[in-house]
Amino acid sequence: MDGGLLGALADLVLPRTCAGCGVPGAMLCRRCGALLAVPHLATPRRFPEGLPPTVAAGVYAGPVRPALIAFKERGRSELAAPLGTALALAVAAVVSALPGGVAGTVRLVPVPSSAAALRTRGRDHVRELTARAVAELRALGMAADEARLLRRRGRLRDSAGLSAAQRRANLAGTFVADPAPGRRPGEGVFVLVDDVVTSGATLTEAAGALVATGPDDGPPVLAAVVAATPRAAPRYGTGRPVGRLS
Ligand SMILES: [Zn+2]
């Protein structure tokens, strides 16, 4: 079967409306896609101690919200392409802000979803984003790979509707690092990747578990996400530009 026929079939079965604003023609229109090309440092209101420097490609508001929900909860897995590209942009931005740049591989560490969430969705959407982002970064000539160094332990209450403090308690001890291969000195940089950052509690917890896999002077741990909630960014559509991390 040639690509043209496959494309024609895909047009029949896939929704060809923008997942952000609903205009027909593309899975994510140019205008909505542009909202995911504004990398900025995520700054949650109550900045959790231990939150790694985190860059978001866009703000989790307006059309970005339905687009991410369509991908995550409504089975529109084809959105892994534009959303993974956005994640790659956030990774490149947070890595480029490292003083002295990066020597070695940029290792993307997906934040693991809960077993219950994986069962409900029937897929691992963060790993789909990670795979796409790794491919994009490699296409740009960056040495990048996926490093599945974290897993969740035990049961986790659904964090919806919990306060920031409750979320932190809910997440205490959530992640376990698989020590091998861990963070070895001179190994480049580790970037935790997730779809959305809200309070920063999940990334803080994940970073703590990841940092524990290596020595204090081991490779830095950063984070990148597709979008940050408006509370985590100064204003919709804008944000503090990425400067030097210190
Ligand atoms: Zn749109």
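Computed from heavy atoms alone, side chains included, the values below leave out hydrogens, waters and symmetry copies. Counting convention: from 1, in listed order, for ligands and their atoms alike.
Phe71 places a side-chain heavy atom less than 4.5 Å from the side chain of Glu128. With a 4.5 Å cut-off on side-chain heavy atoms, Val191 and Val109 do not count as touching.
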Quiz item: Does the pair Arg127 and Glu146 meet the rule for a salt bridge (Lys or Arg N to Asp or Glu O under 4.0 Å), with working shown?
Solution: CA-CA 9 Å; Arg127 288 202 61 207; Glu146 180 189 0; 2.7 Å; yes
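For the Zn ion (ligand 1), the set of protein N/O/S atoms nearer than 2.8 Å consists of Cys18 SG, Cys21 SG, Cys29 SG, Cys32 SG, ordered by chain and number.
Under the 4.0 Å criterion applied to side-chain N and carboxylate O atoms, Glu136 and Arg132 are assigned as salt-bridge partners.
For the pair Arg148 and Phe190, the cation-pi criterion (under 6.0 Å, within 45° of the ring axis) is not fulfilled.
Arg121 CZ: more than 12 foreign heavy atoms inside a 6.0 Å radius.
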